[in-house]
Amino acid sequence: MTTLDARSPIAAEAPDNYLTFRRGLLSWLLTLDHKRIGVMYLVAVLASFFVGGVMALLVRTKLLFPGEVTWMTAEQYNQAFTLHGAIMVFLVIIPSIPAALGNFVLPIMLGAKDVAFPRLNLFSFYLWLAGAACAVYSLLAGGFDTGWTFYTPYSTNTTLGGVIPVLVGVFILGFSSIFTGVNFIVTIHKLRPPGMTWFRMPLFLWALYATAVIQVLATPVLGITVALLVIERVFNIGIFDPSMGGDPVLFQHFFWFYSHPAVYIMILPGMGIISEIISVHSHRHIFGFRFIAFSSIAIAIFSFLVWGHHMFTSGQSPLMNVLFSAITFSVAIPSAVKVFNWLATLYKGSISLNTPMLYGLSFLFLFTIGGLTGIPLAVLSTDIHLHDTYFVVAHFHYVMMGSALIAMIGGLHHWWPKMFGVMYSEFWGRIACGLVFVGFNMTFFTQFMLGSQGMPRRYYSYDQIEGMAEAFKMYHHISTGGSYIMALGFVITGIYLLHSLFAGKKAPANPWGGASLEWQCTSPPPHDNFSKTPRVGDCYDFSAVRWDEKQEGYVVDTEAHTASTKNGKGH
Amino acid sequence: MKQPETPFDDPAARFEAGRFGMWLFLLVLAVLFVATILGYLVVRIDNAATFVPEDAPPPPSLLLVSTVALLFSSVTMQRALAAGRRGDPRQGGLMVATVILALVFLGVQAVAWVELVEQNLLITDNLYAWSFYVLTGLHAAHVVGGLPPMLVTCWRAMHARYGPENHRGIAYTAMYWHFLDGVWLVLYATLWLGSLR
C-alpha cells in the first residue's frame, strides 16, 4: 500500500508543502525550488499585465475621441501604445506560460524533483527582473515611442532618451527567455524518470519543448539585433543606416527572424495548456496524441521559415514575397490538425463546464477566428490593402491575447488549486470568463471592420480621414466599450483569485480528475514533489480515475492505471 | 552507496545534463555570431566596390600573434582538462598557462585597436571600421565574459581539486573556451577576406 501514501488523506493534511517548507523573504528570494520560482514569475508577470492593461485602456479611451484631446498629446499616445506592446510581448506573454506555469508544472508532470539547472532557473528570474527594471528606467529617462518593433531608421533618429535603456532591457529579457528554454530542453531530455517515455509525456510538455527549441534558436538573433541598434544609436553609424551604405530592411529581416518565431513562443505553450484542459475537463482520452505532439514540432520548424510575411510591403523581391506567402499558408496545416483533434476529443466526452474548460472553449473560438483571419494577411494581394491597418491589430490580438493569454488564464485556473491548495469561486470564475469573452470580441471584432475599411493602426486621430470619420468613430466606441467590459472581467478574476488565497475552500489533490503526475501529489505539492519516484501511466487514460466522496476530489488507482497502459488500452 | 532512483539524484546523469546544456548554450552563441556575420556580409556585398576606403589600413598583422596565443590557450586548456580527469596535479600549471595566454590574447587585441586608432581609423568613420571594431569587440566581450569562470577553474586546479569523479567545472570551461577559439578563426577569416578590395 506504500504507493498510495502520496495521495492518501493523511498526506494531504501533512504540513510540509513547498509554500511552508521554509519561511521568510530570503527563503523566497534565494530559493532554487522551481515551484517558488514559478510563483515569483507569476506574480511579476501578472503585475506587468496590470500595467500593460492600463496602457491599453488609455489608448482605447483616447480613441473614443476622433480629434485631439487635452489630456493626452500625440507624443504621449505614441508612448502609451509602444509601452503597451513592449510590456505585453516581452514582459507578459513570452514569459507567462513557460516561465510561470511551465516552471511550476513541468518538473512535476515529468515526475522529476526539479529542472535540470535550478540555479540557472533562479538566475533567469533575476534577469527578467533586471530587464523589467531597465524598462521602468527607460520611462524615467524620457520614454520611447518606436512601437514595440523598434523599426529603423525611426528608432535610431527619435530623440526620446528611453530607447537605449529599453533595448538593453529587451536584450536582458531575451537571455532570461533563452536560459528558461535551455533548462526545459535539458530537463525533458535528460531527467525523465524511468517509465516516462516521450510518448507518455503530457502534451503540455511537448508544447513547452517545441517552444524551448524556438527560444534557444531564435532569441539570440533578437539579442544581437538590439545590441547592434544600441551601438548604432551611440555612434550614429551602423549596418542599418542607409546614409553610410547600411540597410534598414536588414533590421526588419533580423527583427522578424526572431519575432515571428516569437509568436509561436507565445502560442505553442497555450496550445499545450488547451490539450490538457480539453482532455481533463471532458474526461476523455486526448484524440490523436501523436498528431498533436508532432504538430507542435512542425509549427516550431515552420516558424523559422515565414518571417518575410511581415515585410510584403517593405520592398522585398516579388519572388521572396511569393515564397514567404506560400510557406505561411502551410502553417495552417499543423494548427488545424490541433484544432480538429481538440474537437474530436470533445466529441462524446462528458464535459464539465467549469472555469478552465470555459477558457478552453473560448480559446477554440478565438484561435479559429485569429487563425482564419491570418489567411487574408498571407495572401499578397489582400495584404497590400490590409497591411498596417486595424485588421492586423485585430488578427494578432485574437492570436496573442484571445489565444495565448486566454490559454494562460485558463491554465492558471486549471492549476490554481495545485499551486496554492485552494479552490476559487466557480460562480465568479464563470462570470468573469464570460465578461472577458464578450468584451474581447467587442473590442477586437470591430477592429476587423475598422481595418478592412482602411483605418490605419497606431493613429492618434482619425477626424481628418475623409468620409470615414463618423463610421470609424462608431467602431472605436464599440471597441473601447468592449475593452472596459474585458477589464471588468479581469478585475473580478483578480479579486476572486486573491480572495481564494485567504478564504478559499481547501483543494483536494485532484479536483478535476486529471491523470497526469501533478495530480498525484498533494495540493500544494511538497518541497520534493514526490516522496518516491511516481509510477508513470498514460496521462490521458481516465479509466482508473474515480471520484472519492471523502476527499471531495478524484483519485487515480495507480495499479489499474499503469496496468491498463501496459495492456495497450491507452493510445 | 545507494542506487540513485531518478536521474536527478544521479551525479553521472547530472553531468551528462550539464554537458548537454552547455552545448545548447554554445548553440545560442553560435546563432548570435552567425547572425552578426550575416549582417556584416549583407552590407559588405551590398557595397562591394565602396566598402573598403582607399586609404584604410588592413587588419593589423598583430592579429596573427593573438591568434597563435588563443590557439595555444586551447591546447593548454585541453591538456589541463585531461590532467583534471586523471586527478594529475599538473592541472594547476596548465590552467595558469591558459589564463596567461587568454590575457595575452586580450592584450594584443587591445594593442591592435590602438594601432588602428593611431592610423586615424575611428569606429564612426565608415562601415569598414565599424565592422572591424564591432566584430572583434563582440568576440573580446565573450572572452572577457569567460574569464571569471576561467579564474575559478584555475583556482580549483591549482589546488588540484579536479579528479576522475569530479571534473564538471573544468569540462564546461574547456567547451566554452574551444568554442571561442573556433569563433575567432571564423571571424578573423571573414574580416580578412572582407578587407580585400
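Please read these numbers as outputs of a predicted model, since none were measured by experiment. These values consider heavy atoms only, across backbone and side chains, with no hydrogens, waters or symmetry-generated copies. Letters A, B, ... are given to chains in the order of the sequence lines, protein chains preceding strands, and every chain is numbered from 1.
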* **Winner by heavy-atom pair count (cut-off under 4.5 Å) against chain B, out of A:Thr225, A:Asp114, A:Leu120, A:Leu222** => A:Asp114
* Tell me, side chain or backbone of A:Phe117 under 4.5 Å from chain B's heavy atoms, or both, or neither? -> side chain
* Asked: With a cut-off of 6.0 Å (strictly less than), are more than 12 heavy atoms of other residues, nucleotides or ligands near CZ of A:Phe123?
  -> no
* Asked: Hey, does the side chain of B:Trp130 reach the backbone of A:Ile237 with a donor-acceptor pair shorter than 3.5 angstrom?
  -> yes
* Point-to-point distance, once rounded to the nearest 0.5 Å, from CD1 of A:Ile231 to CG of B:Leu138 -> 7.5 Å
* Given a strict heavy-atom distance threshold of 4.5 Å, which part of A:Pro534 is in contact with chain B: side chain, backbone, both, or neither? -> neither
* Kindly indicate, with the supporting measurements, whether the criterion side-chain contact (heavy atoms from CB on, under 4.5 Å) is fulfilled by B:Leu24 and A:Val186. => CA-CA 9 Å; B:Leu24 286 174; A:Val186 176; 3.7 Å; yes
* Structure fact -> Partner of B:Val31 under side chain to side chain contact (heavy atoms under 4.5 Å, CB included), picked from A:Val221, A:Thr219, A:Ile224, is A:Val221
* Structure fact -> So, the part of A:Phe257 with a heavy atom under 4.5 Å from chain B: the answer is neither
* For atom CZ of B:Arg90, decide whether the heavy atoms of other residues, nucleotides or ligands shown that lie under 6.0 angstrom number more than 12. => no
* Structure fact -> CD of B:Glu16 to NE2 of A:His189, rounded to nearest 0.5 Å, is 12.0 Å
* Asked: So with a 6.0 Å cut-off around CH2 of B:Trp155, is the heavy-atom count from everything else above 12?
  -> no
* To do: Among B:Leu29, B:Ile123, B:Val34, single out the residue with the greatest number of heavy-atom pairs under 4.5 Å to chain A.
  => B:Ile123
* Please examine the side chains of B:Asp46 and A:Asp247, heavy atoms only from C-beta on, and report whether any two atoms are closer than 4.5 Å. => yes
* Measure A:Val249 against the heavy atoms of chain B and call it side chain, backbone, both or neither at under 4.5 Å. => neither
* Asked: Can you find a heavy atom in the side chain of A:Ile185 that is under 4.5 Å from one in the side chain of B:Phe20?
  -> yes
* Between A:Leu250 and chain B, which part of the residue has a heavy atom less than 4.5 Å away: side chain, backbone, both or neither? -> side chain
* Examine whether an atom of A:Phe240 lies under 4.5 Å from a heavy atom of chain B, and if so say whether it belongs to the side chain, the backbone or both; otherwise answer neither. => neither
* Asked: If every non-hydrogen atom of A:Arg192 is compared with every non-hydrogen atom of B:Pro7, which pair is closest and at what distance?
  -> O-CG, 3.3 Å
* When A:Pro193, A:Gly223, A:Gly245 are compared by non-hydrogen pairs under 4.5 Å with chain B, the top option -> A:Gly245
* With a 4.5 angstrom heavy-atom cut-off, could you sort out which part of B:Val28 is near chain A: side chain, backbone, both or neither? => both
* To do: Might you confirm whether atom OH of B:Tyr172 has over 12 heavy atoms from other residues, nucleotides or ligands at distances under 6.0 Å?
  => yes
* cation_pi(A:Lys113, B:Phe8) dist<6.0 Å, angle<=45 -> no
* Non-hydrogen atoms of chain B under 4.5 Å away: do they reach the side chain of A:Asp241, the backbone, both or neither? -> neither
* Asked: Roughly how far, to the nearest 0.5 Å, is the OG1 atom of B:Thr124 from the CE atom of A:Met244?
  -> 7.5 Å
* Please look at A:His253 and chain B and tell me whether the side chain, the backbone, both or neither of the residue comes under 4.5 angstrom of a heavy atom of that chain. => neither
* Take atom CZ of B:Arg44 as the centre, draw a 6.0 Å sphere, and report whether it contains more than 12 heavy atoms from other residues, nucleotides or ligands. => yes
* Heavy-atom proximity to chain B below 4.5 Å, by part of A:Ile178 -> side chain
